2 protein chains.
Amino acid sequence: MKTIEEFLESKNIRVTAMRLLIYKFLAEKLVAVTLSDIENAFEKADRTTLYRTIKTFEEKEIVHQIDDGTGITKYALCEKGCNCEIETDLHLHFHCNNCNETICLTEHKIPQIKVPDGFVSENVNLVVKGICDKCSGQ
Amino acid sequence: MKTIEEFLESKNIRVTAMRLLIYKFLAEKLVAVTLSDIENAFEKADRTTLYRTIKTFEEKEIVHQIDDGTGITKYALCEKGCNCEIETDLHLHFHCNNCNETICLTEHKIPQIKVPDGFVSENVNLVVKGICDKCSGQ
DNA sequence: ACAATAAATGCACTTCCATTGCATTGGTTA
DNA sequence: TAACCAATGCAATGGAAGTGCATTTATTGT
Ligand SMILES: [Mn+2]
Ligand SMILES: [Mn+2]
Ligand SMILES: [Zn+2]
Ligand SMILES: [Zn+2]
């Protein structure tokens, strides 16, 4: 079991106090978060630092960005099977219309989508909207 | 063959000069447009009017909104088979990474997506990105 | 240990798009 | 014609993303 420090270093991410905190914050969250969510969790920190930290995580491919259609970019830690570095083979995302939370369905792969002749598919964004398990009352 | 005026009235949209112009603009476009696109096409008109016109068209369900992941909302006229009033049965959209245009693939229905137990799927946003037929050089 | 260097952070500012309040215009109806 | 309501125009706001630059902090070489 690697420590978080070792993990970050293995991804060529310099370890700082702020980065550790943000990583832990993301790790204990079960849902995708916005920059504002992180901002609210760390009121003392500057927004730019949080922004650049998440961008660093994204570049180093330990976080992926999610466009769930709300207009606000969300982020989540990449998990085993996430494969976000590969443009194909992305998992799908679920956005709850009730609680407004967005979660990765890592194990749910996006089916092969047929496109008309002449079109070349490079990657796919698939967001299912509806009611999540917590909100569906069961 | 209904006139545009008759069509708008049948949808409970009051006919104005501006609305006719915008409707025709959308109708002759083969791709989804942004508010800025409309703005550039009608420099004399105020941005707010264009904005509210497109929102009216959306409410009255003759236009649907497209989130193609560029961060800028796009709009396109609903066509036969569009069914955008019904939350299910949406068609897919294609965004070209080369020319940056987004088009409706109205005839391409979104396959049924399985979600885990407890989750209820209400609708789906599916955007395929890649190279369009014009840009793929054929 | 110290100086030189590079990276991370903080602050201010900007840009872009979406959206709203309110005054004005214009068209419809009694 | 007067009254009314919808459409339009102008101005301002707000939210989110992104950037320039100064400062602090960490790393490296001597
Ligand atoms: Mn995900
Ligand atoms: Mn469409
Ligand atoms: Zn929910
Ligand atoms: Zn193209």
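Below, all heavy atoms of this structure are taken into account, side chains as well, without hydrogens, waters or symmetry copies. Model, not experiment: these values are computed from the prediction. Quick note on labels: first sequence line is chain A, next is B, and so on, each numbered from 1.
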For the pair made of [atom1] in [X] and [atom2] in [N], what is the distance, rounded to whole Å?
X	N	atom1	atom2	value
B:Leu8	D:dA6	CG	C1'	15 Å
B:Glu39	D:dG9	CD	C1'	13 Å
A:Ile66	D:dA17	CD1	P	13 Å
A:Ile54	D:dA17	CD1	C1'	14 Å
A:Phe42	C:dT9	CZ	C1'	15 Å
A:Ile13	C:dA8	CD1	C1'	14 Å
A:Asp46	D:dG18	CG	P	16 Å
A:Asp37	D:dG15	CG	C1'	14 Å

Q) Is the ring centre of A:His91 less than 6.0 Å from the ring centre of A:His64? A) yes
Q. Considering residues at least two apart in sequence or located in another chain, which fulfil the salt bridge (charged side-chain N to carboxylate O under 4.0 Å, His left out) criterion with B:Lys55?
A. B:Glu58
Using a 3.5 Å cut-off and no angle test, enumerate the donor-acceptor pairs between side-chain atoms of residues 7-31 of chain A and protein atoms at least two apart in sequence or in another chain.
| residue | atom | partner | partner atom | Å |
| --- | --- | --- | --- | --- |
| A:Ser10 | OG | A:Phe7 | O | 2.5 |
| A:Thr16 | OG1 | A:Arg19 | N | 3.1 |
| A:Arg19 | NH1 | A:Arg14 | O | 3.0 |

Where do N or O atoms of nucleotides 16-20 of chain C meet protein N or O atoms at under 3.5 Å, pair by pair?
| residue | atom | partner | partner atom | Å |
| --- | --- | --- | --- | --- |
| C:dA18 | OP1 | B:Thr73 | N | 3.2 |
| C:dA18 | OP1 | B:Thr73 | OG1 | 3.2 |
| C:dT19 | OP2 | B:Tyr51 | OH | 2.6 |
| C:dT19 | O5' | B:Tyr51 | OH | 2.9 |

Q.
So, OP1 or OP2 of C:dA8: does either fall under 4.0 Å of a side-chain N or O from A:Thr49?
A. no
Q | Donor on one side chain, acceptor on other, B:His95 and B:Thr102, under 3.5 Å | A | yes
Q) Would you say the side chains of B:Thr34 and B:Asp37 form a donor-acceptor pair under 3.5 Å? A) yes
Q. Quick one: CD1 on B:Ile110 to CD1 on A:Ile113, what's the gap to the nearest 0.5 Å?
A. 7.5 Å
Q) Got a second to check how far A:Ile72's CD1 is from A:Ile66's CD1, nearest 0.5 Å? A) 13.5 Å
Q: Among residues two or more places apart or on two chains, list those pairs meeting side-chain hydrogen bond (donor to acceptor under 3.5 Å, both in side chains) that have a residue in residues 41-51 of chain B.
A: B:Glu39-B:Arg47, B:Asp46-B:Thr48
Q. Cluster partners of B:Ile131, using ILVMFWY side-chain heavy atoms under 4.5 angstrom, listed by chain and number?
A. A:Val120
Q | Residues in contact with DNA chain D, drawn from residues 14-23 of chain B - heavy-atom cutoff 4.0 Å | A | B:Arg14, B:Thr16, B:Met18, B:Arg19
